[in-house]
Amino acid sequence: MGRQNLTVLTDLILSAVSSLPELQLPLSWIFLILYVFTVVGNLGMIILTKRDAHLHTPMYFFIRHLAYMDLGDATAIYPKMLLNFVMSQNTISYHACAIQMALFVVFIVSELFILSAMAYDRYVAICNPLLYNIIMSQTCCHVLVGIPYLYCTIQALLFTCKIFTSSFCTSLLSHFYCDNISLSSMLCSNGQDIASLINGFAIFNGTLTLLLIILSYIMILLAVYQMRSAEGRKKAFSTCASHLTVVVVFFGTLFFMYVQPRLAQSSEIDILSSVLYTLVVPMLNPLIYSFRNKEAKNAFYRVFGKKFKFCT
């Protein structure tokens, strides 16, 4: 009878970010500040790449979609977390949890494919500069983001249907947001099968996108090695520096979380690594692309400079 009652859930209980009550208030302010920086940075990048004609290029097209993913990823999780801090509760409704999990899967997996598309864009720009505008046409760019979006949406719906049409044996979630692996461990039956399915997709997505990125940069290195001009080599490396930084930070946090054995992984490390790739990395990405990029800085002054002068 107890199990039957638990399978019909209206709310799920999320794990606290910290087990120490005295840290809840400082953490809430830290997460609020990080989230505000994430929203401002990514919205600013989206506005710049939309409004400034100089940034209407394939590279900035992908940067804009990366900003969409970063903004969506953080927004799917942290407004609810901040609300729970204010309300002094750690609950989420059953349907809100399903939506949060689906959105998280779409955004985080799409980011993998966006990064691989950006690597291909850099490969074409350096290895085939004369044919760059022909190869990286508007149609090609939309295909490179459209197909991953469709694939990730189907994947998210598959996981959501598999998990939320099953029976839950507990309402206590071992994470601070609705993570699909954590949810699968709460199921009365088929939990291990669903977890294996999720891990299989995760390995496929991570391996495929990382191989595409590595292959692109191997081709780039071969092309740069054949350049006779030192200035040409420097320019080629500078165009890849921001993307390489983002790739290392993003994949580094993912490997830090998933490669280590689950039994040896403490909840604190799990939470820290989750915060890194769901909030810190989305906050850093627009900073990396703006600080290391003169075009983005010039676009900022063109788009926002006049408004600031008018206000003063």
From [atom1] ([X]) to [atom2] ([Y]), nearest 0.5 Å:
{"X": "F176", "Y": "S274", "atom1": "CZ", "atom2": "OG", "result": "5.0 Å"}
{"X": "I181", "Y": "I194", "atom1": "CD1", "atom2": "CD1", "result": "10.0 Å"}
{"X": "L14", "Y": "N84", "atom1": "CG", "atom2": "CG", "result": "6.0 Å"}
{"X": "L130", "Y": "I135", "atom1": "CG", "atom2": "CD1", "result": "10.0 Å"}
{"X": "I154", "Y": "Y149", "atom1": "CD1", "atom2": "OH", "result": "15.0 Å"}
{"X": "L66", "Y": "R64", "atom1": "CG", "atom2": "CZ", "result": "12.0 Å"}

Inset, instruction - Would you please test M101 and F159 for side chain to side chain contact (heavy atoms under 4.5 Å, CB included) and show each step? - result: CA-CA 9 Å; M101 191 203 78; F159 295 163; 3.9 Å; yes

Inset, instruction - Determine whether the aromatic ring centres of H65 and F61 lie less than 6.0 Å apart. - result: yes

Inset, instruction - Assess the pair Y94 and F164: is the distance between their ring centroids shorter than 6.0 Å? - result: yes

4.5 Å side-chain heavy-atom contact, [X] and [Y]:
{"X": "M118", "Y": "R122", "value": "no"}
{"X": "C178", "Y": "L183", "value": "yes"}
{"X": "Y277", "Y": "I108", "value": "yes"}
{"X": "V109", "Y": "F201", "value": "no"}
{"X": "L82", "Y": "V86", "value": "no"}
{"X": "L115", "Y": "H243", "value": "yes"}
{"X": "F104", "Y": "D73", "value": "yes"}
{"X": "I213", "Y": "Y217", "value": "yes"}

Restricting to non-hydrogen atoms, name the atom on [X] and the atom on [Y] that form the minimum distance, rounded to 0.1 Å.
{"X": "P282", "Y": "L276", "answer": "CD-O, 4.3 Å"}
{"X": "A156", "Y": "A102", "answer": "CB-O, 3.4 Å"}
{"X": "I46", "Y": "A67", "answer": "CG1-CB, 3.7 Å"}
{"X": "V106", "Y": "T153", "answer": "CG2-CA, 4.0 Å"}
{"X": "G41", "Y": "P286", "answer": "O-CB, 3.5 Å"}
{"X": "A119", "Y": "I220", "answer": "O-CD1, 4.4 Å"}

For the pair [X] (side chain) and [Y] (backbone), establish whether a donor and an acceptor sit closer than 3.5 Å, ignoring hydrogens and angles.
{"X": "T209", "Y": "G206", "answer": "yes"}
{"X": "S184", "Y": "Q192", "answer": "no"}
{"X": "D179", "Y": "S182", "answer": "yes"}
{"X": "S28", "Y": "L25", "answer": "yes"}
{"X": "N199", "Y": "A195", "answer": "yes"}
{"X": "S110", "Y": "F107", "answer": "no"}
{"X": "H56", "Y": "K50", "answer": "yes"}

Would you say [X] and [Y] are hydrophobically clustered, going by side-chain heavy atoms of ILVMFWY under 4.5 Å?
{"X": "I218", "Y": "L244", "result": "yes"}
{"X": "L208", "Y": "F62", "result": "yes"}
{"X": "L279", "Y": "L83", "result": "no"}
{"X": "M69", "Y": "L150", "result": "no"}
{"X": "L112", "Y": "I214", "result": "yes"}

Inset, instruction - Evaluate whether atom NE2 of H54 has more than 12 neighbouring non-hydrogen atoms of other residues, nucleotides or ligands under 6.0 angstrom away. - result: no

Inset, instruction - Decide if atom CD of Q89 counts as having more than 12 heavy atoms of other residues, nucleotides or ligands within a radius under 6.0 Å. - result: yes

Inset, instruction - Decide side chain to side chain contact (heavy atoms under 4.5 Å, CB included) for K162 and D193; before the verdict, give the C-alpha distance in whole Å, the side-chain angles of both, and the deciding distance to 0.1 Å. - result: CA-CA 10 Å; K162 285 279 188 181; D193 294 337; over 6 Å; no

Inset, instruction - Applying side-chain hydrogen bond (donor to acceptor under 3.5 Å, both in side chains), name anything that partners Y78, two or more places apart in sequence or on another chain. - result: T278

Inset, instruction - Tell me, please, which residues at least two apart from Q155 pass side-chain hydrogen bond (donor to acceptor under 3.5 Å, both in side chains). - result: Y151, N205

Legend entry - Chi angles and distances behind the side chain to side chain contact (heavy atoms under 4.5 Å, CB included) call for Y60, L48: CA-CA 9 Å; Y60 287 100; L48 281 182; over 6 Å; no

Inset, instruction - Given side chain to side chain contact (heavy atoms under 4.5 Å, CB included), test L215 with L211 step by step and report yes or no. - result: CA-CA 6 Å; L215 180 62; L211 283 176; over 6 Å; no

Inset, instruction - Could you check Y68 against N42 for side chain to side chain donor-acceptor pair (under 3.5 Å), going step by step and ending with a plain yes or no? - result: CA-CA 7 Å; Y68 286 143; N42 285 287; over 6 Å; no

